[in-house]
Each structure stands twice: as structure tokens, then as C-alpha cells.
Visitor: 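Here it is, the structure in full.
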Amino acid sequence: MHSPVSDAHNYRANRTEKYLDHSLMPPCQAACPLHMDVRGYVDLVAQGKIMEALQSIRSGNPFPSICAYVCTHPCEDACRRCQVDKPVAIRALKRFAVEFGGDRMVQAEAETTQQEKVAIVGSGPAGMACAYYLRKLGYPATIFEAHSEMGGMLRVGIPQYRLPRQVLDTEVQRLTQMGVEIRLSTKVVSLDLLFDLGYKAIFITIGAHQSLRMGIEGEESPGVIDGATFLREVNLGLKPSLGERVAVVGGGNVAIDAARTAVRLGTKRVNILYRRGRAEMPADPEEVEQALGEGIEILFLVIPTRIKRGNGRLSVTCVRMELGAPDASSRRRPVPIKDSEFNEEFDTLITAIGQAPQTPGGFDVRMGKGSTIQVDPTTLTTNRVGVFAGGDAVTGPATVTEALAAGRLAASRIDDYLQHRYPVAGKAEREKLVGDLLPETIEMIRKISRLEPPILLPEARVKDFEPVELVYDWETATNEARRCLRCGMGAEILFQDKCATCLTCLKVCPYHVPCLDASGTIQIPAEQCQACGICVAECPAKVIVLRKPYDRRSINEELDHILKSAAESKSKPFIVGFCCQYGLFGIGTLANLWRGAKAGVWIVPVLCVAKVEAEQILRAFEMGAEGVFIAGCGEQCSREDTAFWVRQRVEKVRKVLAQVGFETERLQTFFPSTTNEDLAPELDKFAEQIGRLYLASAIMQEVKS
Amino acid sequence: MIVAEQKSLAEIRQMITPYQRVLILGCGTCMTVCNAGGEREVSFLHNALRLAESRSGNGIHTFSEYTVKRQCDYEFLDSLVDKIGDVDAILSLGCGIGVQAIAERLPDLPVLPGVNTSFMGMAEEWGVWDERCAACGDCILAETGGICPITRCTKGILNGPCAGTKNGKCEANKDMDCAWILIYKRLERLGQLDKMRRYYPLRNFRTIPRPRRVASKASIDVGEGNG
């Protein structure tokens with residue numbers, strides 16, 4: 001090859017290498033306490049690459065199977081598809097990846113490379129995560145747990161219908177496999193003792209198990225129990241007798257858990273008393289919905305003021321409330337309505353109005369607001385040297401994911417401490433994507449309704465503690481994953497100096513994203529781009545790339561690879577097919593069909609056919625393909641105009657084919673119009689036709705010579 | 001902007017027949033904008049020529065590609081000098097000006113035009129360009145409401161419309177607007193319909209001299225108190 005070409009290639013290669021993965025951090029990732037690569041694994045699920053998706057999930061989350069069940073998914077609240085229709089069902093997709101990707105089979109291994117022993121007080125999510133990462137870093141770690149079983153709140157707080165115990169047991173077993181020493185039923189009362197035992201650092205993560213008191217008359221009566229204790233007893237195998245009618249006071253997740261547990265224990269009638277309205281309820285709306293479905297009644301704007309016990313029952317005096325001015329939590333403060341008191345009879349009353357940590361005095365650590373342990377937010381250090389703390393014990397009751405993040409941070413901070421390194425504040429890997437979608441962009445985005453995973457019917461689920469939510473099937477999962485807008489990985493102009501400002505991108509964009517700024521420079525706002533890739537393949541100056549350019553690179557690489565393999569296999573004639581890897585095609589049904597049944601059909605997997613450039617089609621022909629086809633999702637594509645642009649390029653290539661004496665039928669497109677349309681017969685026909693054309697041209701050659 | 005159309009593959013192959021090693025040279029300005037010779041078209045043509053070579057079975061040509069920012073200035077062509085050592089001819093995808101600039105800058109190397117330079121115009125929509133200016137050297141747009149009858153009227157007449165106008169379209173092409181109806185409507189909007197009543201003397205297209213050069217600088221003699 002001549003120098004100009006290789007020069008241009010090297011230049012481009014160097015520049016591209018340098019700018020590889022220029023993508024912005026999407027809102028889902030920014031919202032996740034663990035900063036999981038949500039966009040990445042959702043995209044892998046959309047392609048049906050479940051194992052890779054699980055691998056991506058595992059690299060950012062020590063216990064994905066737990067999160068797959070109980071995560072409160074702040075990512076979904078941040079998902080920008082909320083602005084279009086409904087957020088991508090990220091947690092359910094994770095559950096799908098975990099179950100279908102074979103998470104149960106994953107073996108965790110760790111080697112001890114360090115001497116310093118670390119003690120972890122508490123075996124909740126923060127403690128487990130800390131132990132996991134400490135083992136990964138090579139430290140010997142010991143978990144001390146006061147209860148008879150591992151898991152902290154995961155075990156004693158969260159009901160089994162939300163987190164099956166086998167899932168938790170698997171993760172605990174994996175920790176044991178990694179060499180974490182576990183001391184059950186061992187309550188730590190003094191940290192000095194742990195230091196005396198030779199531990200060089202201690203991580204306190206004792207959770208927040210102490211229920212707050214309502215402070216009303218009769219709270220001590222028999223028949224009144226606090227939510228945390230109630231759930232703990234049930235979860236550790238006791239079956240408290242609750243009577244016929246139960247009231248739960250509170251509006252958080254614990255209140256809902258307690259109420260639903262009571263239903264499952266056979267209580268006929270369960271009421272939740274909550275002092276605010278439904279909109280103010282801190283519990284997960286999905287859980288509230290499911291609770292209502294199970295026959296639980298919620299009395300809103302009601303608060304108990306007095307409990308009296310008589311005849312083995314509780315007579316509870318309640319007062320109705322109205323909402324006043326917003327308080328510190330920016331929710332409207334409930335104010336009692338005068339003379340609105342009423343009495344209700346219950347057999348049991350469960351209080352679930354909040355929980356706080358209960359730190360043993362022997363720990364000798366400085367306490368802050370709400371009896372939480374005070375720590376430096378960056379280093380997680382307490383006032384005592386070598387003592388770190390995290391999780392609910394520090395933050396007050398929070399989520400599992402936040403606890404996992406605290407555990408992970410603690411492990412790296414303890415590592416810093418033991419290695420005498422200055423702890424550096426975590427730097428964001430990449431810039432965050434900020435800004436909302438514009439109304440005009442939203443208008444152009446295809447609305448695709450959210451696919452919820454199936455859940456058991458209420459009649460079935462109240463009978464026992466089986467998990468309520470089921471897993472997606474393969475097709476639903478891939479289709480749900482395709483709804484992702486791929487925020488922050490859209491197009492950017494890589495060589496602004498080479499841009500001719502021809503406005504092609506502005507004209508071809510289905511979402512009207514590129515715009516001219518006041519200085520006459522074209523801009524592709526990152527927060528609007530949908531990463532469909534049309535402008536990338538159309539730009540006449542070839543200066544636009546996707547911020548995460550892996551799909552473009554891989555088309556060329558895959559094509560080279562396929563052409564080489566095809567040439568080596570010497571099976572003539574061969575056909576090259578550019579096939580979209582999303583959805584239907586990602587599942588592999590069609591791809592398998594072609595690969596298996598039709599010798600000589602070589603598939604180039606692409607992430608949306610809109611990214612296939614005319615040059616790549618020509619190259620396939622040049623390297624000996626007798627036929628080329630492009631198969632996309634057609635009507636099912638989650639992006640706009642993709643088939644139109646493919647057809648434009650196909651026409652352009654067909655003109656060349658005609659001029660060099662190739663039949664234009666050798667290049668075809670296949671776009672199914674409905675989900676069920678089977679492309680296989682059409683493709684068979686195409687392959688036959690190519691075979692005939694090849695035979696005819698071979699005979700002509702013979703005749704000539 | 002200058003608009004051109006790529007020559008047919010057959011014509012290009014014909015042209016390059018005598019030359020074994022051909023450099024396909026793109027232009028990063030007008031030819032990029034009109035999709036005739038930017039970096040993408042260069043590599044598309046490169047692929048197409050290679051396909052034709054492999055198809056013909058007895059190909060002797062080898063190709064290379066390169067794109068400069070603009071072919072119509074020597075300074076941009078300087079970067080070519082060290083790229084043409086093993087090249088027998090340059091296939092330029094620049095407009096006619098670019099081809100000539102290369103011929104002047106590289107006197108020993110044959111240069112071939114890969115596009116037909118068509119007109120000066122603008123994009124109507126993606127992939128469609130319309131002629132707007134004939135570079136006639138005698139602009140009358142002030143009189144015609146900013147609409148050029150020379151390029152947009154089939155006959156190029158100065159006192160239209162002619163009798164061939166029908167429903168605002170030209171008799172020669174029913175898809176084409178009658179330029180003089182457009183001019184009338186525009187002048188009406190501007191309140192300048194009196195301009196329609198004026199008679200413009202016939203213009204002798206044959207004798208309009210080509211200006212050959214346009215200078216935007218004033219000719220000031222050196223040394224007359226210029227400091």
C-alpha cells in the first residue's frame with residue numbers, strides 16, 4: 001500500500017485510540033451508589049449477551065443477586081426515559097442477567113497476600129461487601145455477627161418473599177470460599193479486645209436495628225411490638241401469634257414489610273396507619289401497590305395517640321391529621337385535626353416509624369445525630385485510630401446498595417490506612433451527562449411501553465413466603481433492554497478542523513439534534529443525541545464518531561475477520577450478512593439458523609444496521625462475496641429511520657455493482673415488519689439465487705476460456 | 001458553493017487506464033459539502049475501483065487515497081509533494097479549479113478530473129442541490145427581487161414570464177417553478193411591482209466578456225507615502 005493511505009490510517013488510528021470511550025457518565029450510573037455501568041450491561045442484555053452482562057455487573061457489584069431482588073433502583077428514578085415514557089426496568093434486567101447468566105456458578109477466589117488482620121463488626125451488606133473487597137485486596141478478614149445467622153438486615157429485616165434465603169446463603173457461602181472467617185452469635189462489646197486479639201483495623205457496621213418509640217401512652221402493653229423485632233423473629237424462624245386484626249404504624253418499607261409479613265402469617269385483617277398521604281409515603285410505590293393487592297388497608301392521615309389493653313385486645317385511640325406547611329424533609333407536616341379522635345380495636349399493633357443504631361458503650365466512638373456513629377465521609381474513620389464505620393450505623397436506615405458502597409469504600413480506606421497511604425478522594429472517571437432531553441427530541445423518540453416482569457397473583461403470594469416477582473423470559477428481557485436511550489454515548493465531531501460544516505448531520509438526524517452555534521460551528525449536544533449512528537455513517541468528511549466507538553470499530557474488525565475466515569474455508573460461493581445484534585437477532589435464533597443450516601453464509605454482527613457504511617458493503621464484494629445482505633429489526637427497531645438510511649446506501653452500492661457487471665440482486669435488505677415474521681424462507685431464497693448466479697457466471701467463464 | 005457530480009465509474013476507469021498507480025485526491029471544502037469528493041466519497045470510490053479491478057480479473061492498478069482541505073490553493077497542495085513519489089497520476093475529486101491548481105502546482109504529474117463541475121448552487125434538502133448562480137458577471141438580482149432569471153428560468157429571459165408558464169410551473173419541466181412567477185410574487189410582497197413594468201434591453205449572452213480575475217484589494221502603488 002502506498003504511503004498516503006497508511007499515513008491517513010495511522011493518523012486516524014492514533015486519534016481514535018486516544019479518544020477511545022469518550023462517553024459521558026449516564027444519569028443511571030451517576031445515581032447508583034456503586035456507580036455500576038448500567039448502560040453497559042443493559043446494552044449487553046439487549047444483544048442477548050447475558051454472560052457478558054453478568055460479568056459487567058459482577059465487576060461493579062459484589063453481590064448482584066442480592067441487588068437484583070432488593071435494590072431500590074435509584075438508577076430507574078434517574079433514567080431519562082422517564083421523560084419520554086417510563087424508565088427502563090433496570091433492576092428486573094439485572095435479575096434476568098443474574099439468573100440466566102449463571103451467577104450461581106460463579107466461583108469467588110481470593111489469595112492472602114497481606115499480614116494485617118481486619119475485624120468487621122456486623123455481617124450486613126456493608127460488612128459483607130467490606131469483607132469481600134478486603135479479601136480481594138489480600139487481607140485476612142473476620143466477620144463478627146451477634147445473631148445466629150449471617151446477613152444483618154438482609155437476613156433479619158427483609159422478608160423472604162423479597163429476598164429468598166438461598167440467594168443470601170449462596171453469597172455467604174462464596175464469602176466463606178474466599179476465606180472470610182465468620183464468627184456467628186458473637187456480640188462484640190469492646191473494640192480494645194479486638195485489638196488485643198491482633199486485629200489491626202476494625203470496621204463497625206452494626207446497622208440500625210433499634211426501633212424508634214412512638215412515645216404514646218400504653219406503648220409498653222403486651223400486644224404492641226416494634227417492626228424490627230417482629231421481622232427479626234419471623235425471619236429467624238419464630239411464628240408470633242398476631243390474632244385476627246393487626247395494625248402497623250408507619251409508612252416506610254419496614255411498615256409495608258411488616259404488614260405483608262403479617263398477612264402471610266395468616267392474619268385476616270391488616271391495617272397500616274400512616275400520618276401523611278400516599279404521595280408522601282417513603283415506601284417503594286411498587287411495594288405499596290403489591291401490599292394493597294394483598295388486601296392490606298392503609299389508613300392515611302391517621303396517627304395513634306393512646307393504647308389501652310383490655311379483654312386481651314388493644315383499644316387504640318387515633319386522631320385524623322391534615323397536611324400543613326412543608327417541614328425539613330420538604331414533605332408537608334401533618335397537623336392533628338381537632339375533635340377527630342376515634343377508637344379501633346386490634347389484636348396486635350406493630351410500630352414501624354423508624355430505626356436507629358444501638359452502639360455499645362464499650363466501642364468508645366464519637367456519636368452524632370440520631371445515635372449514629374460519626375465518621376469522616378471521605379476516609380470513614382472514627383475518632384479512634386484504626387476504627388472505621390459505615391452502613392446504617394453511620395447514615396441511619398438507608399438502602400442495601402448504599403451499604404454495599406460504604407463497605408467497598410471502607411475496604412479501600414482500610415487498605416490505605418494499613419499501607420500508610422494518604423487516602424485520596426475518589427475522582428469521577430468521566431464527566432457526567434447533565435441536562436434534560438429537549439421537548440423536540442422527546443417528540444421524535446419512539447415511545448415503547450415498559451415491560452414489567454411477571455408477578456404472582458395476590459391469592460397465590462399471600463399463602464407463603466415465596467418470591468413475589470418472577471424473572472423475565474429471554475425475549476421480553478432483550479426487548480425491555482432495547483428501550484435504553486444510551487445516554488452520553490452519542491455522536492461527537494472528532495476532527496472539528498476537518499468538518500466542512502456541510503450540515504449533513506443536521507439534515508439526516510431523525511431527532512434534530514445537531515445545531516449551528518452563533519459562530520457557525522456545528523454542535524452535537526451530548527445530552528440530546530440518541531447514538532443511532534446515522535450521521536456517523538453519512539458524514540462526507542468522516543469526522544463524526546460515537547463517543548463510545550466500539551461498535552464502529554468492531555464492524556470493520558468483524559468484517560476483516562469474517563472475510564479472512566471465508567477465504568480460508570474455501571467454500572464457494574460465500575455470502576456476507578450484516579445482521580443487527582439487538583433484540584430478535586441478538587437472541588440468536590436467526591443467526592443460528594443461518595450459521596447452522598447454510599454453509600457459506602457469514603454473519604457480521606452489527607449494533608444496528610444504520611452503522612453499516614456503503615464502503616463496508618463494497619469491501620465484502622471486493623473480497624469475494626457473491627452476495628451481501630443486511631438484516632435489521634425493521635419496525636421493531638428502537639431508533640428512527642434506520643431502514644431508510646440502509647436502503648439509501650444499498651442503492652448507492654447497487655449503482656456501482658451495475659457498472660462493474662454484477663447483478664444488483666446480489667445485494668439485498670431484510671427487514672421484518674412484525675415480530676413473528678420469519679425471515680428464514682426469504683433468506684433461503686436469496687442464498688439459492690446467489691448460488692444460481694454464481695453457477696451461471698462460472699459457466700460463462702468456462703465458455704470464454 | 002460549487003456543486004459537482006462524480007463521473008461514472010466506467011468513465012473514471014477509462015481515464016485511468018494508462019496509469020498504474022493512482023492517487024485519489026479528495027477536497028475538503030465544496031466537494032465534501034456536495035457529496036462528490038469528500039473523504040467518504042474518496043474512500044467509496046477507492047473501494048469501488050478496487051472492486052472493479054478484482055472483478056475484471058486482470059487489474060494492474062493500485063490506488064491510494066488522500067484528502068486535502070481545499071484543492072484550489074497551492075498552500076494546501078504543498079502537503080502532496082511527499083505523497084506522490086510513487087504515483088503515476090492523480091485522480092482529483094476537486095472541482096475544475098482544484099484540478100487546474102494541481103496541474104499548476106505539480107507540472108510533471110498527470111491530473112484527471114473525477115467529477116463534473118456542474119454549477120454554483122445550494123442544497124434543497126439532503127442529497128439534492130439546485131443551481132442558483134451562473135456567474136454571468138452582470139448581476140441583476142436587485143431588479144428581480146433576489147431571484148435569478150438567468151439560472152432559474154429555462155430560457156434565461158429578462159422580461160418574463162413567457163407564454164409557457166402554467167399554474168406557476170415551467171412548460172419545459174412541470175416540476176420546476178416558473179422563475180418569473182416567483183419574481184412577480186416576491187416583488188408583490190416587497191411592494192416593488194413597478195419593477196415588473198420596466199423593460200430590460202435584450203442581453204447578448206455571447207459577448208459578455210469573462211472577467212477572468214476578480215480583485216478585492218485596491219491597487220495602491222508601493223512607495224507613495226504608505227509608511
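Excluded from the calculations below are hydrogen atoms, water molecules and symmetry mates; all remaining heavy atoms, backbone and side chain alike, are included. Every chain is numbered from 1, with letters handed out A, B, ... down the list of sequences.
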Visitor: Look at A/Lys652, A/Glu615, A/Gln659 and state which one has the largest set of heavy-atom pairs under 4.5 Å with chain B.
Guide: A/Glu615

Visitor: Side chain, backbone, both or neither: which part of A/Gln648 has a non-hydrogen atom closer than 4.5 Å to chain B?
Guide: side chain

Visitor: Is there side-chain contact between A/Ile690 and A/Arg666, with heavy atoms separated by less than 4.5 Å?
Guide: yes

Visitor: Is it the side chain or the backbone of A/Lys655 that comes within 4.5 Å of chain B heavy atoms, both, or neither?
Guide: neither

Visitor: Which bit of B/Thr67 comes within less than 4.5 Å of chain A, counting heavy atoms only: side chain, backbone, both or neither?
Guide: neither

Visitor: Got a second to check how far B/Asn116's CG is from B/Lys7's NZ, nearest 0.5 Å?
Guide: 4.0 Å

Visitor: If you measure from CD on B/Glu131 to OG1 on B/Thr151, what distance do you get to the nearest 0.5 Å?
Guide: 5.5 Å

Visitor: Regarding B/Lys69 and the six-membered ring of B/Phe76, is the cationic atom NZ or CZ under 6.0 Å from the ring centre and inside 45° of its axis?
Guide: no

Visitor: Answer with side chain, backbone, both or neither: which region of B/Thr32 has an atom nearer than 4.5 Å to a non-hydrogen atom of chain A?
Guide: both

Visitor: On the 0 to 90° scale, with breaks at 30° and 60°, tag the A/Phe621-A/Phe662 ring pair as parallel, tilted or perpendicular.
Guide: tilted

Visitor: Answer yes or no: is there a side-chain heavy-atom contact under 4.5 Å between B/Phe44 and A/Glu613?
Guide: no

Visitor: Quick one: what part of A/Ala537 sits under 4.5 Å from any heavy atom of chain B, side chain, backbone, both or neither?
Guide: backbone

Visitor: Name the member of A/Gly624, A/Gly661, A/Cys502 that forms the most heavy-atom pairs with chain B at distances under 4.5 Å.
Guide: A/Cys502

Visitor: Quick one: what part of A/Leu503 sits under 4.5 Å from any heavy atom of chain B, side chain, backbone, both or neither?
Guide: neither

